[in-house]
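One structure below.
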Amino acid sequence: MNSTLGGNGTRWIYKVTHRRTGMYRALKSISKSASSFDTRSSLMNEVDIVRLLHHPNCEKLFEYYDDNKYFYLIYEFVEG
């Protein structure tokens, strides 16, 4: 991880570097422990919607995955 861009106790956004390409990405991590069913449902809706969007003013979602503690969304990094 290159740097923390922002967040609160349960959600954080980091600037990261893709290992193969060297391109910057934005990693959004969301704690499962603080997530309710509604939050998880909203997150899955976000993933579904963002994957369908193809517009120059919207960040592209590259990957989504999770582990025992967090949900992770890897977005295109946009400066500014």
message: Measuring from atom CZ of Phe77 to atom CD of Glu59, what distance do you get when rounded to the nearest 0.5 angstrom?
response: 10.0 Å
field: Gap between atom CG of Asp66 and atom CD1 of Ile30 - 0.5 Å precision
entry: 10.5 Å
message: I need the Thr17 OG1 to Leu27 CG distance, nearest 0.5 Å.
response: 11.5 Å
field: Greater than 12 external heavy atoms within 6.0 Å of Met44's CE
entry: yes
Separation between OG of Ser29 and CG of Asp67, rounded to the nearest 0.5 Å: 9.5 Å
- prompt: Between Tyr14 and Leu5, is any pair of side-chain heavy atoms under 4.5 Å apart?
  reply: no
- request: May I ask you to check if Lys32 and Phe71 form a cation-pi contact, with NZ or CZ under 6.0 angstrom from the six-membered ring centre and within 45° of the axis?
  value: yes
task: Measure the spacing between CE of Met23 and CD of Glu76 and express it to the nearest 0.5 Å.
output: 8.0 Å
query: Are Ile13 and Tyr65 connected in a single hydrophobic cluster, I mean Ile/Leu/Val/Met/Phe/Trp/Tyr linked by side-chain heavy atoms less than 4.5 Å apart?
result: no
- prompt: Which residues pass the side-chain hydrogen bond (donor to acceptor under 3.5 Å, both in side chains) test with Tyr75, sequence neighbours left out?
  reply: Glu46
query: Got a sec, which residues hit side-chain hydrogen bond (donor to acceptor under 3.5 Å, both in side chains) with Tyr24, two or more places apart in sequence or on another chain?
result: none
Within-4.5 Å side-chain heavy-atom neighbours: Ser31 and Tyr70: yes
side-chain contact (heavy atoms from CB on, under 4.5 Å) partner of Leu61, the single match among Ile49, Val50, Ile74: Val50
